[in-house]
Amino acid sequence: MSRVNTCLNTSWARQFRKAGLSFSKPRLRFATSRVSSPCGRWPSGAGGYYCSSNRTIYIGVTKRVLREAFELGLAQFMAHEYAHHVQTIAGIGPNYYFPAYSRARGSAKLLLSRRFELQADCLGAAFVRSVADTLPVNPQEWDGMVQWTRENGAKTWPTNDHGKGYSQAYWLEKGFAAGGPGGCNTWTVSARRVA
């Protein structure tokens with residue numbers, strides 16, 4: 001995961017340079033227990049999370065993760081959390097998502113959360129595609145991971161704030177097909193696409 005993080009730094013620095021935006025790397029912290037951060041307690045059901053307050057990615061390293069390591073899944077997971085950093089430094093989080101989320105109520109709040117999380121899925125998958133030759137990405141493993149996500153992706157979360165499995169799979173496939181961030185605009189699609 002450290003190697004994937006290094007590759008993410010290089011890849012996203014290049015994207016930001018092309019867009020004429022300034023770039024900064026996130027901090028990375030591996031934890032063997034559920035540590036708190038300036039963003040609060042470790043989210044329920046999460047294997048890790050990104051805290052925008054201190055721009056740190058927290059990754060849980062448990063015996064189960066070590067015992068059942070699935071490299072492609074770990075790479076996509078790391079790329080997803082890194083995408084939240086991208087959303088922060090690009091201004092998506094602080095200028096749009098967080099203010100809108102704090103004003104929203106009920107189902108509108110969940111819809112915003114899904115748009116944010118599914119964009120991170122898509123951006124992560126776009127990164128994985130961009131390094132598919134060097135990672136490497138086995139097409140059968142990718143298809144299997146997407147299918148597993150379609151069937152099980154929403155089971156981890158107590159509320160539908162990350163999207164249903166079929167929505168997660170859709171944005172994974174969309175990001176992977178695009179191979180870049182241009183295919184990951186979850187903010188203007190219909191609510192049906194981010195269910």
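Computed from a predicted structure; not experimentally measured.
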Open item on the list: Just to verify, what does Ala125 make a side-chain contact (heavy atoms from CB on, under 4.5 Å) with, not counting sequence neighbours?
Closed with: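 Here the qualifying residues are Gln76, Trp142, Leu172, Phe176.
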
Just by distance, no angles: are the side chains of [X] and [Y] close enough, under 3.5 Å, to form a donor-acceptor pair?
{"X": "Tyr58", "Y": "Asn54", "answer": "yes"}
{"X": "Ser37", "Y": "Tyr49", "answer": "yes"}
{"X": "Gln119", "Y": "Trp171", "answer": "no"}

Taking the side chain as everything from C-beta on, heavy atoms only, tell me whether [X] gets closer than 4.5 Å to [Y].
{"X": "Val35", "Y": "Arg29", "value": "yes"}
{"X": "Arg55", "Y": "Ser24", "value": "yes"}
{"X": "Ile59", "Y": "Leu74", "value": "no"}
{"X": "Ile92", "Y": "Phe98", "value": "no"}
{"X": "Ser113", "Y": "Asn160", "value": "no"}
{"X": "Ser11", "Y": "Ser130", "value": "yes"}
{"X": "Pro94", "Y": "Gln87", "value": "no"}
{"X": "Leu28", "Y": "Thr56", "value": "no"}

Task: is_close_aromatic(Phe127, Trp12), centroid dist under 6.0 Å - done: no

Task: Lys NZ or Arg CZ of Arg17 over Phe23 ring: under 6.0 Å, within 45° - done: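 The answer is no, since Arg17 fails at least one limit relative to Phe23.
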
TODO: Please name all residues satisfying disulfide bond (SG atoms under 2.5 Å apart) with Cys184, sequence neighbours left out, ordered by chain then number.
DONE: Cys122

Task: Aromatic plane relationship, Tyr97 with Tyr101 - under 30° parallel, 30 to 60° tilted, over 60° perpendicular - done: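 Rings of Tyr101 and Tyr97: tilted, as their planes differ by 30° to 60°.
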
- [ ] Name the orientation class of the two ring planes belonging to Phe116 and His84 (parallel below 30°, tilted from 30 to 60°, perpendicular beyond 60°).
- [x]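 Plane angle under 30°, so parallel.
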
Task: Lys109 atom NZ: more than 12 heavy-atom contacts under 6.0 Å - done: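 More than 12 within 6.0 Å, yes.
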
Within one Ile-Leu-Val-Met-Phe-Trp-Tyr cluster: [X] and [Y], side-chain cutoff 4.5 Å:
{"X": "Leu21", "Y": "Tyr82", "value": "yes"}
{"X": "Tyr50", "Y": "Val61", "value": "yes"}
{"X": "Val146", "Y": "Val194", "value": "no"}
{"X": "Trp187", "Y": "Leu123", "value": "no"}
{"X": "Leu118", "Y": "Val189", "value": "yes"}

Open item on the list: Do the side chains of Glu71 and Arg3 get close enough for a salt bridge, i.e. N-O under 4.0 angstrom?
Closed with: no

Task: Sole candidate of Asn138, Val137, Leu72 that passes side chain to side chain contact (heavy atoms under 4.5 Å, CB included) when paired with Met145 - done: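 Checked Asn138, Val137, Leu72 against Met145; only one passes side chain to side chain contact (heavy atoms under 4.5 Å, CB included): Leu72.
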
Open item on the list: Has Asn152 got a side-chain atom pairing as donor or acceptor with Trp148's backbone, closer than 3.5 angstrom?
Closed with: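 Pair found, side chain donor or acceptor close to backbone of Trp148.
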
Task: Nearest atoms (heavy-atom pairs only) where Ala154 meets Lys164 - done: CB-CA, 3.9 Å

Open item on the list: Using 0.5 Å steps for rounding, measure from the CG atom of Leu111 to the CG atom of Asp161.
Closed with: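 It comes to 12.0 Å.
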
TODO: If a pair satisfies disulfide bond (SG atoms under 2.5 Å apart) and one of its residues is in residues 64-112, list it, with sequence neighbours excluded.
DONE: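 Every candidate disulfide bond (SG atoms under 2.5 Å apart) pair involving residues 64-112 fails, so no pair, neighbours aside, qualifies.
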
